[in-house]
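Reviewing the structure listed below.
Throughout, a chain's letter reflects where its sequence line sits, starting with A, and its residues are numbered from 1.
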There are 2 protein chains.
Amino acid sequence: MDVETQKTSRRPRADSIRNRERLLEAAREVFSAGGPGASLEAVARKAGVGIGTLYRHFPTREAIFQAVYRREVDEMVELADRLATEPDPADALKRWMHASVRMVATKRGMLAALSPVMDGSTEFFADTSKRLMSAISGLLDRGVAAGRLRDDITADELMRAFLGICYIPEKPGWQDTVVRLLDVFVDGLATDRDVRKSG
Amino acid sequence: MDVETQKTSRRPRADSIRNRERLLEAAREVFSAGGPGASLEAVARKAGVGIGTLYRHFPTREAIFQAVYRREVDEMVELADRLATEPDPADALKRWMHASVRMVATKRGMLAALSPVMDGSTEFFADTSKRLMSAISGLLDRGVAAGRLRDDITADELMRAFLGICYIPEKPGWQDTVVRLLDVFVDGLATDRDVRKSG
DNA sequence: TGATAAACGGAGGGTGCCTCCGTATATTTC
DNA sequence: GAAATATACGGAGGCACCCTCCGTTTATCA
């Protein structure tokens, strides 16, 4: 089962790896722009490969959605790790949320497209949301340990609040509103009111 | 413009009215079951009319979505009115939210399908959300007036909290979780802790 | 430098989207 | 009650997308 133990089989072909990469990049762009109605044939065209190639790499619509989503989550987790060195935990939390809002914004349609098909992907979402959770709780815990953030809010609640606030019907200025509300929320989390200067 | 003043033109044909009604009913069922991927031809088939008839009544995909959605909102508003006679305002609020969760649950896919197309419908959503708002604030105000609910939460905030809590990735037991969280929220709204018995 | 496993591309059959227009019928008029 | 006509109806047709299947191409291995 383990890839490392499969010495007997050939190693993956270079064009296969390259095309998979191109497809993921193209899908990210197409989904961002087109939302749920995005056509898989458009993705293949943008990637410069045949439609058959797309379907070999990602047998179902769900598979390619998930692959792109997983990549987004990776970036959010990485950003959280990078922000772990920030001097001010509340500020780090704000920055992480701001960046994540941008991702949620561009990927909103994708997530919307995903939910109806999620019957078989419960475990996939359990996994990714666990990773998101540990990213968010890393930032939160550090702030609590430093005595800079309240200790009566769990990472789970923080995530729910984050997603809930992001879930606002879009109108002009949408993202600004969300960012402001999130800042207010984090200000409320802070034990020290001085964080309010930023925004 | 007013229908009543149009005495000069013929009155609408009976079959037209009947078919429109059938289409709306069929659309409600198909969208509930199938989500955003639901086919308009399936709606026409279910309604027992030709596809052309569907498109004459609802020229765009958006139009039929909106008509169904408007009907749902009507029911939520009516329910709020009916609940206005409940003795316990907090209980009325809980009941309204429970029923609304059920609607959000079945219509989730529909709403998801709507958001990407919402460019031209900003004013439509402004209208319906205004009506939802007055329904919710009716229930809220009555509780505040009776001294049974806190007065520092606006209807707008209540609605945002309601929608935010509803926005949870679905997993088994999903709706139960939402109902419980909503109850907790309303309990928190109550000035008198005794309401906690229900649920 | 072959041999060949693996990947590639795109034709093709099916479905849905939406338009258009010839046909059918409900309403009105006489 | 019958003719006139405004109105609505149905579905064919052209286009895009979905997904499968398989003949062709090519990267790897010996």
Side chain of [X] only, please: which of [options] is the nearest?
X       : options               : answer
B/Arg61 : C/dG9, C/dC17, D/dC18 : C/dC17
A/Asp15 : C/dA11, D/dC17, C/dA7 : C/dA7
B/Arg11 : C/dG9, D/dC18, C/dT28 : C/dT28
B/Ile51 : C/dC8, D/dC18, D/dA12 : D/dA12
B/Ala14 : D/dC18, D/dC9, C/dA26 : C/dA26

### Task
Could you tell me whether the side chain of B/Arg13 has a donor or acceptor atom within less than 3.5 Å of a complementary atom in the base of C/dT25?
yes
Phosphate contact ([N] OP1 or OP2) by [X] side-chain N/O below 4.0 Å:
X       : N      : value
A/Asn19 : C/dC8  : yes
B/Thr53 : D/dA8  : no
A/Arg45 : D/dA16 : no
B/Ser39 : C/dC17 : yes
A/His57 : C/dA7  : no

Once you round it to whole Å, what is the distance between [atom2] of [N] and [atom1] of [X]?
X       : N      : atom1 : atom2 : result
A/Tyr55 : D/dC17 : OH    : C1'   : 8 Å
B/Arg56 : D/dG11 : CZ    : P     : 12 Å
B/Ile64 : C/dC17 : CD1   : C1'   : 14 Å
A/Arg20 : C/dC8  : CZ    : P     : 11 Å
B/Ile17 : D/dA8  : CD1   : P     : 10 Å
B/Arg22 : D/dA8  : CZ    : C1'   : 14 Å
A/Glu41 : D/dC17 : CD    : P     : 6 Å
A/Leu40 : D/dC18 : CG    : C1'   : 8 Å

### Query
If you look at every strand shown and take non-hydrogen atoms under 4.0 Å, does A/Arg18 touch a base, only sugar-phosphate, or nothing?
nothing
### Query
Among B/Asp81, B/Leu149, B/Leu83, B/Val144, whose side-chain contact (heavy atoms from CB on, under 4.5 Å) with B/Leu139 holds?
B/Leu83
### Query
Quick one: which of B/Arg28, B/Arg131, B/Arg70 gives a salt bridge (charged side-chain N to carboxylate O under 4.0 Å, His left out) with B/Glu75?
B/Arg28
## Note on the structure
For B/Leu24 and B/Ala67 the tightest heavy-atom approach is CD2-CB, 3.6 Å
### Summary
Heavy-atom nearest pair, A/Val43 first then A/Ala26, reads O-CB, 3.7 Å
### Test item: B/Tyr55 and B/Leu40 side chains (from C-beta on) under 4.5 Å apart, heavy atoms
yes
### Residue mapping more 5' on DNA chain C - nearest nucleotide basis, B/Pro12 or B/Pro59
B/Pro59
### Task
Carefully, step by step, assess A/Phe58 and A/Gln66 under the rule side chain to side chain contact (heavy atoms under 4.5 Å, CB included).
CA-CA 10 Å; A/Phe58 306 101; A/Gln66 285 190 1; over 6 Å; no
